[in-house]
**Q** 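The following block contains the structure, expressed as structure tokens.
The chain is numbered in sequence order, starting from 1.
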Amino acid sequence: MHQPNGERGITFIGLLSVLVIVAFVAIIAMKLVPVYLESFKIEKAMASVVSDPSIAEKSSHQISRMLTKRLDIDSVERITERNVKDYVTVRNQQGKVTIDTVYRAEVPLFANIGVVVDFDKHAEN
């Protein structure tokens with residue numbers, strides 16, 4: 001059979017290039033998805049704490065403990081009772097409660113190459 005326009009299809013080098021790109025994107029996704037899932041858990045816990053009806057009567061320390069308990073239930077390991085003061089700021093001023101969470105997640109990809117993701121979350125009642 002003779003094809004007038006030559007053979008059609010992908011070459012081995014072309015296929016290999018596509019597979020390398022797909023593998024690179026898959027590795028980045030596998031490393032970053034857990035970081036973002038944890039971020040969503042933190043955001044959900046913050047919203048849950050500020051929506052508590054009795055939150056206005058609690059002190060900042062009690063609110064921080066409420067938050068860390070919810071984070072512990074959701075298996076969040078980045079923010080714990082030991083380091084909550086490093087990442088979380090709680091203010092309760094005349095019944096208006098605000099929770100701010102600022103943290104950085106560093107994700108290693110390959111050897112000495114990594115990705116840094118900064119999160120800045122805010123919740124208020």
**Q** Rounded to the nearest 0.5 Å, how far apart are CD of E57 and CG of D52?
**A** 9.0 Å

**Q** For residues V35 and V116: do they belong to one hydrophobic cluster (side chain heavy atoms under 4.5 Å, members Ile, Leu, Val, Met, Phe, Trp, Tyr)?
**A**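 They do not share one cluster, since no chain of ILVMFWY contacts under 4.5 Å joins V35 to V116.
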
**Q** Say you draw a straight line from CD1 of I99 to CD of E43; how long is it, rounded to the nearest 0.5 Å?
**A** 12.0 Å

**Q** Minimum heavy-atom separation for P34 and A29, please, with both atom names.
**A** CD-O, 4.4 Å

**Q** Taking all atoms of both residues into account, what is the closest heavy-atom pair of R78 and N83, and its distance?
**A**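 Answer, listing the atom of R78 first, then N83: O-ND2, 2.9 Å.
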
**Q** If you take all heavy atoms of R91 and D100, which pair is closest and at what distance?
**A**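 Shortest heavy-atom contact: NH2-OD2, 2.8 Å.
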
**Q** With a cut-off of 6.0 Å (strictly less than), are more than 12 heavy atoms of other residues, nucleotides or ligands near NE2 of H61?
**A**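 Open.
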
**Q** Would a hydrophobic clustering, with Ile, Leu, Val, Met, Phe, Trp and Tyr connected at side-chain separations under 4.5 Å, put V20 with V22?
**A**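 Hydrophobic grouping puts V20 apart from V22.
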
**Q** Considering only heavy atoms from C-beta outward, does the side chain of K31 approach that of V115 to under 4.5 Å?
**A**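 They are not in contact (no side-chain heavy atoms under 4.5 Å apart), so the answer is no.
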
**Q** Where is the tightest heavy-atom contact between A47 and A123, given as atom of each residue plus distance?
**A**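 For A47 and A123, the tightest heavy-atom pair comes out as N-CB, 4.4 Å.
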
**Q** Give, for atom CD1 of I10 and atom OG of S17, the distance between the pair rounded to the nearest 0.5 Å.
**A** 8.0 Å

**Q** Restricting to non-hydrogen atoms, name the atom on G95 and the atom on A56 that form the minimum distance, rounded to 0.1 Å.
**A**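 It is CA-CB, 3.8 Å.
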
**Q** Are V102 and V84 linked, directly or through intermediate hydrophobic residues, by side-chain heavy-atom contacts shorter than 4.5 Å (ILVMFWY only)?
**A**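 Different clusters.
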
**Q** Are L19 and L15 packed together at the side-chain level, in the sense that at least one heavy-atom pair is separated by less than 4.5 angstrom?
**A** yes

**Q** To the nearest 0.5 angstrom, please state how far the CG atom of N92 sits from the NZ atom of K58.
**A** 10.5 Å

**Q** A quick test of your reading: do over 12 heavy atoms of other residues, nucleotides or ligands sit less than 6.0 Å from NZ of K44?
**A**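 Atom NZ in K44 is not crowded, with 12 or fewer foreign heavy atoms closer than 6.0 Å.
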
**Q** CG/L67 to OG/S48 distance, rounded to the nearest 0.5 angstrom?
**A**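 That separation rounds to 9.5 Å.
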
**Q** How about N125 and K96: do any of their side-chain heavy atoms sit closer than 4.5 Å?
**A** yes

**Q** Side-chain contact, heavy-atom cut-off 4.5 Å: L71 with I42?
**A**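 SC-SC contact between L71 and I42 confirmed.
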
**Q** Counting neighbours of CD on E77 that are heavy atoms of other residues, nucleotides or ligands and sit closer than 6.0 Å, is the number greater than 12?
**A** no

**Q** Honestly curious: do Y36 and I27 fall in one hydrophobic cluster under the side-chain, below-4.5 Å linking rule?
**A** yes

**Q** Please list all pairs meeting side-chain hydrogen bond (donor to acceptor under 3.5 Å, both in side chains) that have one or both residues in residues 101-116, counting only residues at least two apart or in different chains.
**A** R104-D118

**Q** Classify the ring geometry between F110 and F24 as parallel (under 30°), tilted (30 to 60°) or perpendicular (over 60°).
**A**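 Because their plane-to-plane angle is under 30°, the rings of F110 and F24 count as parallel.
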
**Q** Working to the nearest 0.5 angstrom, can you tell me the gap between T89 OG1 and H122 NE2?
**A**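 Here the interatomic distance stands at 11.5 Å.
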
**Q** What do the steps show when you test K121 against S39 for side chain to side chain donor-acceptor pair (under 3.5 Å), and what is the final call?
**A** CA-CA 9 Å; K121 307 271 182 200; S39 167; 2.7 Å; yes

